[in-house]
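Read the numbers this way: they start at 1 and go in the same order the structure lists the ligands and their atoms. The chain is numbered in sequence order, starting from 1. This structure is a prediction, so every number in the text was calculated from the model and none was measured. For the numbers below, each heavy atom of this structure counts, side chains included, while hydrogens, waters and symmetry mates do not.
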Amino acid sequence: MKDASPATAPKTFYLKDYTPFGYDAESVHLTFRLAPETTRVISRIRFAPKPDAADRTFFLHGEELKLISAKIDGQAVTPELVEGGLKCEVPGAPFTWEAEVEINPAGNTALEGLYMSNRMYCTQCEAEGFRKITYYPDRPDVMSTFTVRIEGDEPVMLSNGNPMGQGEGWAEWHDPWPKPAYLFALVAGDLVNHPGSFTTKSGREVELNIWVRPGDEHKCAFGMEALKKSMKWDEDVYGLEYDLDLFNIVAVDDFNMGAMENKGLNIFNSSCVLASPETSTDANFERIEAIIAHEYFHNWTGNRITCRDWFQLCLKEGLTVFRDAQFTADMRSEPVKRIEDVIALRARQFPEDNGPLAHPPRPEQFQEINNFYTATVYEKGAEVIGMLKRLVGDENYYKALKLYFERHDGQACTIEDWLKVFEDATGRGLSQFKLWYSQAGTPRLKVSEDYADGTYTLTFEQSTPPTPGQPDKAPRVIPVAVGLLSPNGDEVRGTEVLELTEAKQSFTYQGLASKPVPSILREFSAPVILERETSNAERAFLLAHDTDPFNRWEAGNALAKEVRVAMVLDGAAPDAAYLDALEKLVRDDDQDPAFRALVLTPPSQSDIAQTLFDRGHTPDPQKIYDAAETFTQTLAQQLETSLPRLYAATTVDGPYAPDAEGAGKRALNGRILSLLTRLDGGEQAARQYQAADNMTQQYAALGALLKAENGEAQSQAFFKQWQDDRLVMDKWFALQIACAAPEKTAATAAALTRHPLFSMKNPNRFRAVFGALAGHHAGFHHASGEGYQLLADNLIALDKLNPQTTARMCAAFQTWKRYDAGRQSLIRAQLTRIAGTDGLSRDTTEMVTRILDA
Ligand SMILES: [Zn+2]
């Protein structure tokens, strides 16, 4: 849309334009003289021209810097200040560049570069934050060793690597491992540490610390154990050992991301590291364990081997997400982790892949790289590695990884380097497989079957809908794990991986006594949408009998979707056979409680909307909501006599421990409680709220009560109890919105933005409110358009402070083309209003334009 375009279009960067920097940075010395509004940064960098460089332009990135002075080999120079940095005439031989700049950490609300959070200095440099600290070739392929001196009166002053010395008002650090600037970190403030230690397999003693604000010390023990487990696991599974004497983690309250893998000094959003039974739910514990592992694993996949340029982001993120998923599966339950990951993929990545923001895991262009820290780069990037592992087999996978670390340690690499390692290690060509990295969109897989005289044939047809800039797509390599069951429930063929390489392809099985029931795409072996005409009876059969736990859940999930779709379209009553199957499963105490909880978790309403849209219907959010309510109410009534027993049987006795077994039981217990609350109006939930000694149960009880519109007293009590704990308050903000009826959702969110504890400057608090609003499908998409307007108002306000978080939250509008003309025009009006805002950031401009232009 033309009228929505900004006056000057931001510059677009292309993968094909990559050229190396003409100089090596041999060493970097930085001195920081800390002051909240006038920090001085003095850099001394040894540069050497590359003999074979095609382009010797000496351009250093720099944004929002006040240049005080610049010198080359001790002589003052006057660089030319240009858009985004500076240029300077430099010698043709190695030289020393020195610059002094002034920056304003206290005024930095974008939280990129050096900023202040609760009087603590901290940094966030990925992707392009270092250029807000000093002039530098701020690109991941420039790697150097950093020596850092920090001067200030903060009690604790930390940077990357090993400590070199410290005294009154100063501290010095040296990181011996060459790294790109995005891995630079500095933290200074009044901090206390929770110490630990780890001995690596070769006997290196590593000092570990989790640094927090005074008062948070009691929330560090779980994170410390998770760190030790991660270090051990990476040695055991990948043979990778830690390489410094010290590993520091710091918790920061104001942080745009989850956490950041800076070399030897990981900086964490406090929500992703601080945990205690009283303040954290089981889900929080699991997430913290996974994120600590993720950032630690980056030490090899990201830091030692980094990305050549930001188009290659999925090289480090896809692989590290894949590794952290393996870790969680090993620490907890493999099938449960897989099911959780697929639920998340469908909730976050599928809408992206099927809407205006669709892009390949390795994008080929961007205006603002911060907008590509997406589910496609991370989660689909991990799925691609999972497929690769399945195709080459476990043994070849680890052989290829060994070669990757041997060949590329210390380098900045590309997806081509990554795939070449697999080709060399296995002898297998991967040119077609590479399409997964360059094509956007979720492939659809149509399946048909044929049976005659003992021969069973499965025929697959693959196609991928057009995505922005990619109208046609070639067939991909798709590994489809298939097993066959006999009609009596026995497995007649174990899991076998069928390799699709063509647009249409058949596979036959011979010697079968009767027509089998196929279990297709076991373990969700590829991130595709399966399109197959299946009867609900067959789905119910697989829910009862499939030997693959993922596909058992998937059968139940597909059935749940069909039942809801029928309710929405035809006003049908909830399917009785499905209710019976659910009842049987829920009451079967031989089944894993975590699995039963997952089967009881309804498909998301957004997922139902997408399913309806894919089938040519216009989804009505209110009808989808009503169908979900009717279904759950009917289920509660059907289970009425069993609920008290089930509630008692799934209540965990003894002291709280955040282990997988207890968490699974509590998850089921929470589902049962929410059903029970529909029948008793909240009696049991009120008792549970009163008795709870851990956040999981307190939160579950409060949620059930708020949903029943009978939790005002408990909500006030919760506030009183936890008002000084920022992380618990985030839950309180979010839960009230999530549990509101659709017609009250926007008003509830609006009222909370006027609460004294609401803050635009704290990304966690902003996300608590507006993430909950956008996540409430029927509430956000309420026909009044109030949800759209409220979000747009607040995005416009936030953009002036924090463009990165604003831009990411614009994605709430990405599914707008699914809905009716009325809603579309309401959303278009809000998007156009955002796009037309004076001084809108590059981040938000790019996102809004992409969403509108679809
Ligand atoms: Zn990461």
Y404 ring center near F422 ring center (under 6.0 Å):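 For Y404 and F422, the ring centres are not under 6.0 Å apart.
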Can you say whether the rings of Y296 and Y242 are parallel (under 30°), tilted (30 to 60°) or perpendicular (over 60°)?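 Judged by the thresholds at 30° and 60°, the geometry between Y296 and Y242 is tilted.
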On the 0 to 90° scale, with breaks at 30° and 60°, tag the F405-W300 ring pair as parallel, tilted or perpendicular.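 The arrangement is perpendicular - the two ring planes meet at more than 60°.
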Residue Q411 excluded, over 12 heavy atoms near CD under 6.0 Å: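 Yes.
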Apply ring-ring contact (aromatic ring centres under 6.0 Å, His included) to F184 and list each qualifying residue two or more places apart in sequence or on a separate chain.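 For F184 the ring-ring contact (aromatic ring centres under 6.0 Å, His included) partners, ignoring immediate neighbours, are F32, F130.
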Please find the pair of heavy atoms, one from Q814 and one from E352, that lie closest to each other, and give the distance.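 Closest approach of Q814 to E352: OE1-CA, 3.3 Å.
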Sort by chain and number the protein N/O/S atoms found under 2.8 Å from the Zn ion (ligand 1).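 Counting only protein N, O or S atoms under 2.8 Å from the Zn ion (ligand 1), the list reads H294 NE2, H298 NE2, E317 OE1, E317 OE2.
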